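Notes for the one structure printed next.
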Amino acid sequence: MLPFFFLHYDKLVQRYIIYDDASTDDSQEILRRNPKVELRPMPRYSDPESRISSALALQETCWRESRGIADWVIVTDIDEHLYHPDMYNYLAHCRARGVTIIPGLGYQMLSERFPEDKTLLCRSLTRGACYPLYSKLNIFSPNEIDAVNYAPGRHSAAPTGRVVVPARDELLLLHYHYLGFERVRNRYAQFSTRQRKNDIAMGWGSQYSWSSQQLREDWDLVASRLVDVSRPDLRPWETHEGPRWWRERRRGGRARRWSGKAWSVFSGLSVRIRRRSRRL
C-alpha cells in the first residue's frame with residue numbers, strides 16, 4: 001500500500017513522520033526512499049497487554065510537536081486516503097473561515113483484485129460503500145486543538161480547544177482495505193497472531209479472527225452497497241448514511257455511546273503527516 005499512499009499524498013504533504021511497528025517486509029526500504037519521510041520506531045508499548053491502547057496513547061501526543069510549524073496535521077493509517085476533488089483549495093478555504101477540524105465521511109472501498117498499476121486509487125478505484133465506522137477525524141489544526149481524545153481505533157473523538165467544523169461535510173475518508181479477498185483473509189490471519197490479551201478481552205480487532213465465511217458475508221454486504229465516490233452529483237454531505245459523531249456531539253448527542261460499539265482496526269504502520277504553513 002505504501003506506493004499508493006505516497007502517490008495520493010506527496011503533492012499535498014511536505015513531511016511525513018512514520019512509526020514502524022517492527023515490520024519484517026520491505027516497508028522500511030520503501031519508506032527510506034522517500035526524501036520526505038522521517039522513519040521512527042514505534043515507542044515501547046505503554047500498555048504491554050494492548051496494541052490498540054498503546055497506539056492510541058501515541059496518536060494522542062505525536063502531533064503536538066507540529067504546533068507553531070504546520071497549518072494542518074493528518075493522523076492516519078496507510079490505507080486511509082483523504083479525498084476532496086479540490087483538496088488543496090478546500091483546505092485553504094477551511095483555514096480562511098476558521099475551521100479547525102475536518103472529519104472525513106467514511107467509505108469502505110472494495111475491489112476483488114489488488115490493483116496492479118501504481119495509480120491514484122481515488123481516480124482508478126472509486127467504488128465504495130458508506131461506512132460510518134470509518135468516519136474519523138484525521139486532519140485538524142495543531143495550533144487550535146488542545147487534545148483530540150480519540151476513542152480506540154480513532155473511530156470517534158472529543159477534541160478540545162477551539163473546535164470549529166465545516167458548515168457541510170465534503171471531505172471523504174476512503175478506506176482502501178478490502179482489496180483482494182484472499183489478500184485480506186491472509187492479512188487477518190497474520191494480524192490475529194499479534195493481538196494482545198487486553199485487545200482480545202475488549203473485542204478490539206475481533207474481525208481478525210473471522211472465518212472465511214464471516215469475512216465473505218461482510219465483503220458481500222459491502223459489495224451490495226457500492227457507489228461511485230467520484231460522481232460529481234454524489235453530494236456526500238446529504239447522502240452519506242449513519243451517525244456523525246461530530247454533529248451529534250454539537251447537539252449533545254450519542255457519539256460516545258455509538259463509538260463504544262466500534263471495532264478497532266489498527267495497522268502495523270501509523271502515520272503523522274505535517275503540512276507547513278508555507279505550502280498554503
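Scope of the values below: all heavy atoms of this structure, side chains included, with no hydrogens, waters or symmetry mates. Worth saying up front: this structure is predicted, and the values here are computed from it rather than measured.
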Quiz prompt | Ring centroid separation Tyr134 to His155 under 6.0 Å | solution = yes

Quiz item: Below 4.5 Å, heavy atoms only, C-beta onward: do Ser53 and Asn198 meet side chain to side chain?
Solution: no

Exercise. Of all the heavy-atom pairs spanning Pro115 and Leu121, show the shortest one and how long it is.
Key: CG-CD2, 3.9 Å

Quiz item: If you measure from CG on Leu171 to CE on Met87, what distance do you get to the nearest 0.5 Å?
Solution: 5.0 Å

Self-check item: Transitive ILVMFWY side-chain link Phe114 to Tyr176, under 4.5 Å
Solution: yes

Quiz item: So does Arg154 pair up with Glu80, basic N to acidic O under 4.0 Å?
Solution: yes

Quiz item: By side-chain hydrogen bond (donor to acceptor under 3.5 Å, both in side chains), which residues pair with Arg127, not counting sequence neighbours?
Solution: none

Exercise. Might you work through the salt bridge (charged side-chain N to carboxylate O under 4.0 Å, His left out) test for Arg67 and Glu65, ending with a clear yes or no?
Key: CA-CA 6 Å; Arg67 286 174 172 163; Glu65 65 187 79; over 6 Å; no

Self-check item: Aromatic ring proximity Tyr188/His177, centre distance under 6.0 Å
Solution: yes

Quiz item: Can you tell if the side chain of Ile139 reaches within under 4.5 Å of the side chain of Val73, non-hydrogen atoms only?
Solution: no

Practice problem: Would you please test Leu7 and Lys118 for side-chain contact (heavy atoms from CB on, under 4.5 Å) and show each step? | Solution: CA-CA 8 Å; Leu7 278 172; Lys118 299 302 183 285; 4.1 Å; yes

Practice problem: Taking the six-membered ring for Trp and the single ring otherwise, decide whether the centroids of Tyr107 and His240 are under 6.0 Å apart. | Solution: yes

Self-check item: Where at least one partner belongs to residues 203-212, residue pairs that pass salt bridge (charged side-chain N to carboxylate O under 4.0 Å, His left out), sequence neighbours excluded
Solution: none

Practice problem: Check Gly153 against Ile52 and note the closest heavy-atom contact, atom names and distance. | Solution: N-CG2, 4.3 Å

Quiz item: Would you find a donor on one side and an acceptor on the other, under 3.5 Å apart, between the side chain of Lys36 and the backbone of Val13?
Solution: yes

Quiz item: Do Tyr178 and Phe181 sit in the same hydrophobic cluster, where Ile, Leu, Val, Met, Phe, Trp and Tyr count as joined when their side-chain heavy atoms come under 4.5 Å apart?
Solution: yes

Practice problem: Decide side-chain hydrogen bond (donor to acceptor under 3.5 Å, both in side chains) for Ser141 and Thr100; before the verdict, give the C-alpha distance in whole Å, the side-chain angles of both, and the deciding distance to 0.1 Å. | Solution: CA-CA 5 Å; Ser141 167; Thr100 62; over 6 Å; no

Exercise. Measure from NZ or CZ of Arg51 to the centre of the six-membered ring of Tyr45, then state whether that distance is under 6.0 Å and the direction lies within 45° of the axis.
Key: no

Practice problem: Tell me, please, which residues at least two apart from Ser211 pass side-chain contact (heavy atoms from CB on, under 4.5 Å). | Solution: Gln213, Gln214

Practice problem: Find out whether Pro159 and Asn149 are in side-chain contact, i.e. whether some heavy atom of one side chain is under 4.5 Å from a heavy atom of the other. | Solution: no

Quiz prompt | Gap separating the CD atom of Glu248 from the OG atom of Ser156, nearest 0.5 angstrom | solution = 12.0 Å

Quiz item: For Arg95 and Asp71, what are the C-alpha separation, side-chain angles and deciding distance, and is it a salt bridge (charged side-chain N to carboxylate O under 4.0 Å, His left out)?
Solution: CA-CA 8 Å; Arg95 184 167 181 264; Asp71 289 327; 3.1 Å; yes

Quiz item: Considering residues, nucleotides and ligands other than Arg33, do more than 12 of their heavy atoms fall under 6.0 Å from its CZ?
Solution: yes

Self-check item: Arg113 atom CZ, neighbour heavy-atom count above 12 within 6.0 Å
Solution: no

Practice problem: Examine Leu39 and Ile74 and state if one hydrophobic cluster contains both, with Ile, Leu, Val, Met, Phe, Trp and Tyr joined whenever side-chain heavy atoms are less than 4.5 Å apart. | Solution: yes

Self-check item: Hphob cluster co-occupancy, Ile78 + Leu31, side-chain heavy atoms under 4.5 angstrom
Solution: yes

Practice problem: Could you check if a side-chain atom of Val99 sits within less than 4.5 angstrom of a side-chain atom of Phe140, using non-hydrogen atoms only? | Solution: no

Exercise. Test side-chain contact (heavy atoms from CB on, under 4.5 Å) on Val37 and Arg32 and set out the steps.
Key: CA-CA 7 Å; Val37 169; Arg32 291 190 177 101; over 6 Å; no

Self-check item: All ring-ring contact (aromatic ring centres under 6.0 Å, His included) counterparts of Tyr83, not counting sequence neighbours
Solution: none

Quiz item: Pairs in or reaching into residues 161-173: which pass side-chain hydrogen bond (donor to acceptor under 3.5 Å, both in side chains), with residues at least two apart or in two chains?
Solution: His84-Glu170, Glu144-Arg162, Arg168-Glu170, Asp169-Arg244, Asp169-Trp246, Asp169-Arg247

Practice problem: Report yes or no: do Leu105 and Tyr90 belong to one cluster of Ile/Leu/Val/Met/Phe/Trp/Tyr joined by side chain heavy-atom distances under 4.5 Å? | Solution: yes

Quiz item: Is the closest basic N to carboxylate O distance between Arg194 and Asp199 below 4.0 Å?
Solution: no

Quiz item: Where do Leu174 and Cys122 land on the side-chain contact (heavy atoms from CB on, under 4.5 Å) test, with the steps shown first?
Solution: CA-CA 8 Å; Leu174 309 183; Cys122 64; 4.1 Å; yes

Exercise. Could you please spell out the steps behind the side-chain contact (heavy atoms from CB on, under 4.5 Å) verdict for Arg123 and Ser230?
Key: CA-CA 7 Å; Arg123 294 181 182 174; Ser230 67; over 6 Å; no

Self-check item: Chi angles and distances behind the side-chain hydrogen bond (donor to acceptor under 3.5 Å, both in side chains) call for Asp146, Thr160
Solution: CA-CA 6 Å; Asp146 297 329; Thr160 60; 4.7 Å; no

Exercise. Show your working on side-chain hydrogen bond (donor to acceptor under 3.5 Å, both in side chains) between Asp10 and Tyr16 and close with a plain yes or no.
Key: CA-CA 9 Å; Asp10 267 355; Tyr16 304 92; 2.5 Å; yes

Quiz item: For residues 224-236, which residue pairs qualify under salt bridge (charged side-chain N to carboxylate O under 4.0 Å, His left out), counting only residues two or more places apart or in two chains?
Solution: Arg225-Glu241, Arg231-Asp233, Arg235-Glu238

Practice problem: I would like to know whether Trp219 and Gln108 meet side-chain hydrogen bond (donor to acceptor under 3.5 Å, both in side chains); could you show each step before the answer? | Solution: CA-CA 10 Å; Trp219 188 284; Gln108 182 78 294; over 6 Å; no

Practice problem: Look only at the side chain of Trp245 and the backbone of Ser135, and say whether a donor-acceptor pair between them is shorter than 3.5 Å. | Solution: yes

